[in-house]
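Worksheet: the structure to be examined is printed underneath.
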Amino acid sequence: MHVFLPDGKQLDLPQGATALDAAQAIGPRLAQDALAATANGVLTDLQTPLPEGAEISLITKKNPGQAQSVFRHSLGHAMSQAVGEYYERKGYPRNAVKRGVGPSIENGFYQDFDLPEPLGEEELPEIEKIMREIIGRGLDITRSEVSKAQALEQFGFDPYKVELISALPDDESITFYTQGEYVDLCRGPHFPNTGKLPTAFKLTSTSGAYWRGNEKNPILQRVYGVAFASQKELDEYLERLEEAKRRDHRKLGRELELFTIDPLVGKGLPLWLPNGTVLREELAAFLKEQQFQRGYQGVITPNIGNLELYKTSGHYQNYSDSNFSPITVDDEQYMLKPMNCPHHVRIYDSKPRSYRDLPVRLAEFGTVYRYEQSGELNGLTRVRGFTQDDAHIFCRTDQLKKEFLDVLDLTVLVLRTFGMNDVRFRVGTRDPADEKYVGDAANWQLAEDGIIQAVEEVGLPYSIEPGDAAFYGPKLDFVVKDVLGREWQLGTIQVDYNLPERFDISYVGEDGQDHRPVMIHRAPFGSLERFVGILIEHYAGDFPLWLAPRQIAIVPIADRHNAYAEELRAELHKAGLRAEVDDTSNRMQAKVRNAELSKIPMILVVGDKEQEARQVSTRERWPDGHRERKGVGFDELKAELLERYKSRS
RNA sequence: GCUUCUGUAGCUCAGUGGUAGAGCACUCCCUUGGUAAGGGAGAGGUCAUCAGUUCGAACCUGAUCAGAAGCUCCA
């Protein structure tokens, strides 16, 4: 057989040759240093036979980072072996530890176990120690192929492995990887020897995970680890985790007094404190302005509705698990509103509509309630009661594209306003095999094509995810990444032919006949709660002036400056700016410090000099940096702040 | 909802079976200062809740409630 090297040179090798054979053919030194390889761009190890005619490239200890997923996977095996030894040292028989899957993942690896007794996080350093021992032993990691029958025989003691092996086709040979006394069923690839594995790893956490990800299956213990080619990369990663902790909206939300969650009120039901309310109302005002410009009309609907309403819309049937239970009043049943759309449909239908009236754009900051599983609740980002910046556009089919593009434009404007650049557009389409979707296939096709066409027209990068649609129509979601790399769904746009059908709404066309309108559901923020949660982390609490709940702190140097400070405060307040005077008996340094810790963007220091000349000295913290200015004229500064406020910059 | 872990003052945390502590914040007094902590005094807790074990429980056991990480779910 032959393979090709990166320089295009052809290398002739015996049949069934591996990357190691190729390395040896080039030189003994390379064979010594080789860790893994790629064949036709796919990572492989040194022991797997190469495909005929492959373009290969060897990865050596000079650039182990290229084989990250390989050594992470191998470290996963080392961890798995270490856990086995740990339990053996505790006196359990070797086969007491059973194993689920253990892949490499972003930044590291995990392994699922069925353990004879739970493993606590405080035991992880001990496991790490054994892992380092295993690396120190320099065990060869050898690949072997066996038949399905042999595999079943060897792993007969482990029901999880038996299940995995049984699922493989009968004629397929199954690969094992062995290092010392540890053998695991594994497709590979792996490093050639435990001694060549990087030591820049750390076991981070343990948790439960359902076998094969199914809620109905038993739960296994999962141990997570992170690993990098160098200690520097590991340190940087751990530093990023620390940064994420510092930015955590739950921590900042408490420190900056933005919101609180009180068990007596109910879990998942956040209380907006005065500071958080300012922030939220600024967001709402911003969007209302935009919507006014774009011809939306405001509506207001109640927080509960007759069960029949949600039966008509289908929300009751389709989301029975995540609705709050109905309330019986007299002999009727009511439900907490899980969605605003049914109410808006009824508003549309409250009078006859002409084709001339369309599009009708009904907007509401509507609060909805959904019964989220208790384990899902998380600060502001996952709650049971939240307010959507919801709107429904009822239009003719010939208007759909323009309306959709306008909504897309609005959403992009929103994201840009907050400097959210790491955004992914996700088109959720119907999975034809799933039966939860309502409406006929032709309408679905129409709606899905329309979305994809619009996104392409705007030239946004997008991915299509089948099965991600709402039950009534496909959707376009905006997914942003936070500092930790976690993805959050923010805004959404959905095209819906089905609700108009279910509610039998219509308009009178040019021809005098009844026609069915199309609906667009859209929420650029998604939910105010989640959006604010993400904004807090996005800005790390250092909000731009227009969003900062506390915008200006005036620091009088001594008590005799309090009156001047108060005079400035009143003027700023009159101009619509949020200013306060720190007239505590603290020293000026302490007042400055407290204002800094409260992340107030503009601190005005006033003393004798300032008072005489109607000036202030400043200390400013803006998203683009901090600065100080001395002897600034007050009126000039006020104008500057107002300009900054009004322009939302 | 499931698995593991956690719950002590407003916040951050110490306290391994013998009647509860620190720092910050808070209140009062002194201090009146030039860009990140001036000094002193005081107040504040059924140790999440309930039950059990014990002569005795913040500490051990169980249940409940709440939180965290992950899994599953998200119109």
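Below, chain A is the first sequence line, B the second, and so on; all start at residue 1.
- With rounding to whole Å, Leu380(A) atom CG is found 13 Å from G67(B) atom P.
- Close to G33(B), at under 4.0 Å from its OP1 or OP2, lies a side-chain N or O of Arg560(A).
- Between Arg370(A) and C73(B) there is no side-chain polar atom (N or O) within less than 4.0 angstrom of OP1 or OP2.
- Using a 4.0 Å heavy-atom distance criterion, Ser617(A) is classed as a base contact.
- Tyr224(A) does not qualify as a stacking partner of the G70(B) base, lacking a centre-to-centre distance under 5.5 Å together with planes within 30°.
- Close to A69(B), at under 4.0 Å from its OP1 or OP2, lies a side-chain N or O of Asn378(A).
- The phosphate of G34(B) has neither OP1 nor OP2 within less than 4.0 Å of any side-chain N or O from Lys609(A).
- At a threshold of 4.0 angstrom between heavy atoms, the contacts of Asp608(A) include nucleobase atoms, whether or not backbone atoms are also involved.
- Distance from the side chain of Glu610(A) is smallest for G34(B) among the nucleotides G34(B), U35(B), A36(B).
- For the P atoms, the distance linking C55(B) with A41(B) amounts to 44 Å, nearest Å.
- Computed from coordinates, the Arg222(A) CZ to A68(B) P distance equals 20 Å when rounded to whole Å.
- Within the structure, every side-chain polar atom (N or O) of Arg629(A) is placed at least 4.0 Å from both OP1 and OP2 of U35(B).
- Rounded to the nearest Å, the gap between the C1' atom of C24(B) and that of U19(B) is 27 Å.
- For Glu215(A), whose side chain is taken as the heavy atoms from C-beta onward, the closest listed nucleotide among U72(B), A66(B), A36(B) is U72(B).
- Atom pair Asn586(A):CG and C24(B):P shows a separation of 13 Å (rounding to whole Å applied).
- Side-chain proximity of Ile219(A) to the nucleotides A36(B), G70(B), A37(B) is greatest for G70(B).
- Between A43(B) and A22(B), the two P atoms lie 12 Å apart (nearest whole Å).
- When rounded to the nearest whole Å, the span between NZ of Lys591(A) and P of U31(B) equals 15 Å.
- Atom pair Asp262(A):CG and G10(B):P shows a separation of 13 Å (rounding to whole Å applied).
- Distances shorter than 4.0 Å separate none of the side-chain N or O atoms of Arg593(A) from OP1 or OP2 on A25(B).
- Annotation: G18(B) and C5(B) have their C1' atoms spaced 30 Å apart (nearest Å).
- Rounded to whole Å, the separation between the C1' atoms of U35(B) and C30(B) comes to 24 Å.
- Distance His392(A) NE2 to A75(B) P: 14 Å, rounded to the nearest Å.
- Note on Gln373(A): a base of the nucleic acid sits closer than 4.0 angstrom, heavy atoms only.
- Judged by atom type and distance alone, Tyr371(A) does not reach the base of G1(B) through any side-chain donor-acceptor pair under 3.5 Å.
- At least one side-chain nitrogen or oxygen of Arg587(A) sits closer than 4.0 Å to the OP1 or OP2 atom of G38(B).
- When heavy atoms are screened at a 4.0 angstrom cut-off, Phe471(A) is found touching no nucleic acid atom at all.
- With C2(B), U4(B), C11(B) as the choices, the nucleotide that has an atom nearest any side-chain atom of Arg254(A) turns out to be C11(B).
- Using a 4.0 Å heavy-atom cutoff across all strands shown, Ala558(A) reaches at least one base atom of the nucleic acid.
- When the salt bridge (charged side-chain N to carboxylate O under 4.0 Å, His left out) test is applied to Arg629(A), the partners found at least two apart in sequence or on another chain are Glu620(A), Glu640(A).
- A48(B) and A20(B) have their P atoms separated by 14 Å, with the value rounded to a whole Å.
- Thr204(A) comes within 4.0 angstrom of nothing in the nucleic acid, heavy atoms only.
- For C71(B), the base has a donor-acceptor partner in the side chain of Glu376(A) [N/O atoms by modelled type, under 3.5 angstrom].
- When the P atom is used for both G39(B) and U49(B), the distance is 36 Å, rounded to whole Å.
- The residue Tyr472(A) sits close only to the backbone: its heavy atoms come under 4.0 Å of sugar-phosphate atoms, none of a base.
- If you check A66(B), U35(B), A75(B) against the side chain of Lys267(A), the one that comes closest is A66(B).
- When heavy atoms are screened at a 4.0 angstrom cut-off, Gly213(A) is found touching the sugar-phosphate backbone but no base atom.
- If you check every strand for non-hydrogen atoms under 4.0 Å, Asn323(A) touches a base.
- Residue-level contact check: Gln388(A) touches neither bases nor backbone, having no heavy atom under 4.0 Å from any strand.
- The residue from Leu408(A), Val407(A), Thr492(A) that alone fulfils the side-chain contact (heavy atoms from CB on, under 4.5 Å) condition with Leu476(A) is Leu408(A).
- Atom CG in Leu377(A) sits roughly 7 Å away from atom P in G67(B) (whole-Å rounding).
- G62(B) and U4(B) have their P atoms separated by 12 Å, given to the nearest Å.
- Residue Arg382(A) is classed as a base contact, given a heavy-atom separation below 4.0 Å to a base.
- If you check distances only, the side chain of Glu255(A) never reaches the base of G10(B) with a donor-acceptor pair under 3.5 Å.
- Within the 4.0 angstrom heavy-atom criterion, base atoms lie near Leu597(A).
- One interatomic measurement links the two molecules: CZ of Arg246(A) to P of C11(B), which rounds to 22 Å at whole-angstrom precision.
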